[in-house]
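Worksheet for the structure shown next.
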Amino acid sequence: MKYYILFGPPGAGKGTQAKALAEKYKLKHLSTGDLLRKEIAAGTQLGLKAKELIEKGCLVPDEVVEGMIESAFKTVKDVDGFLLDGFPRTIAQAEALDAILERSGETVTSVLSIMIPDEMVISRISGRAAVEGRADDANIETIKNRIATYHKQTEPEIAYYRSAGKYNEVDGVGSIEEVRDRLFAVVDAL
Ligand code: AMP
């Protein structure tokens with residue numbers, strides 16, 4: 001089984017590119033953000049707690065997302081692998097993922113990172129707010145906090161995966177098709 005991590009700052013285009021990658025390589029796209037938004041829509045206890053944190057631009061606790069990912073690994077069948085989008089987002093989550101995979105004799109295949117500059121994060125997310133209607137996209141303070149959270153808590157994963165020889169980065173500036181082809185080229189070369 002393949003386990004790809006789609007990495008990048010908020011607004012880099014992970015969700016959009018995940019769809020193309022999942023289709024081409026027969027992967028199950030697992031977005032922790034989407035899973036959390038489903039919990040919010042369903043009005044679950046977990047959703048209520050997550051909503052408050054998400055709307056502030058903070059991360060939900062590691063255990064919450066780790067549990068979601070582990071149960072998806074167990075239930076999803078008939079795929080060649082998984083494409084993780086928005087997870088892991090902290091070094092602790094990266095270590096938990098390694099431990100979860102190790103228990104079944106598996107390992108992270110590769111990290112596919114889409115990089116865009118901070119200035120572009122704000123314009124991309126503000127543009128998306130009107131289309132997708134996400135509350136955390138519509139508030140500038142929330143967006144700024146998500147960028148800060150990314151730099152502080154998520155960016156250190158780059159060194160983590162680089163030292164494991166699993167980090168691959170593509171330029172996220174360009175058309176959707178250009179970025180998609182850069183990602184396909186990375187996966188095809190693995
Ligand atoms: P996303 O759709 O990936 O941009 O995620 C939206 C929000 O959900 C994030 O800003 C976090 O509040 C929360 N979230 C998503 N994935 C994670 C994760 N792996 N760890 C903690 N919080 C997460």
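Heavy-atom basis, side chains included; hydrogens, waters and symmetry copies ignored. Both ligands and their constituent atoms are indexed starting at 1 by order of listing.
- Comment: Glu132 does not engage Arg37 in a salt bridge, judged by the lack of any side-chain N to carboxylate O separation of less than 4.0 angstrom.
- Note that the CG atom of Asp80 and the CE atom of Met1 stand 8.0 Å from one another [nearest 0.5 Å].
- Under the 4.0 Å criterion applied to side-chain N and carboxylate O atoms, Arg128 and Asp136 are not assigned as salt-bridge partners.
- The shortest contact between atom 14 (N) of ligand 1 and any protein heavy atom is with Leu36 CD1, 3.5 Å.
- In summary, the atoms of ligand 1 found under 4.0 Å from a heavy atom of Val65, numbered by their order in the structure, are 17 (C), 18 (C), 19 (N), 20 (N).
- Counting heavy atoms under 4.0 Å from ligand 1, residue Gln93 touches it through the side chain alone.
- Residues that satisfy the side chain to side chain contact (heavy atoms under 4.5 Å, CB included) test with Glu177, not counting sequence neighbours, are Ser175, Arg180.
- A distance of 11.0 Å separates CZ in Phe7 from CD1 in Ile114, rounded to the nearest 0.5 Å.
- Tyr3 has its ring centre less than 6.0 Å from the ring centre of Phe73.
- When only non-hydrogen protein atoms are considered, atom 16 (N) of ligand 1 lies nearest to Thr32 OG1, 2.8 Å.
- Look at Arg37 and you'll find a heavy atom under 4.0 Å from some atom of ligand 1.
- Atoms of ligand 1 lying under 4.0 Å from any heavy atom of Gly86, numbered from 1 in the order shown and given with element: 16 (N), 17 (C), 18 (C), 19 (N).
- The ring-ring contact (aromatic ring centres under 6.0 Å, His included) check on Tyr160 picks up nothing, with sequence neighbours excluded.
- When non-hydrogen atoms are compared, ligand 1 lies under 4.0 Å from the side chain of Arg134 (C-beta onward) but not from its backbone.
- Nearest residue to atom 7 (C) of ligand 1 from Leu97, Ile40, Ile54 is Ile54 (criterion: closest heavy atom).
- By the criterion of a heavy-atom distance under 4.0 Å, both the backbone and the side chain of Val60 are placed next to ligand 1.
- The single protein non-hydrogen atom nearest to atom 11 (C) of ligand 1 is Cys58 O, 3.6 Å, given as residue, atom name and distance.
- The minimum heavy-atom distance linking Gln93 with Val65 is given by the pair NE2-CG2, 3.5 Å.
- Annotation: atom 15 (C) of ligand 1 to nearest protein heavy atom, Arg89 NH1, 3.3 Å.
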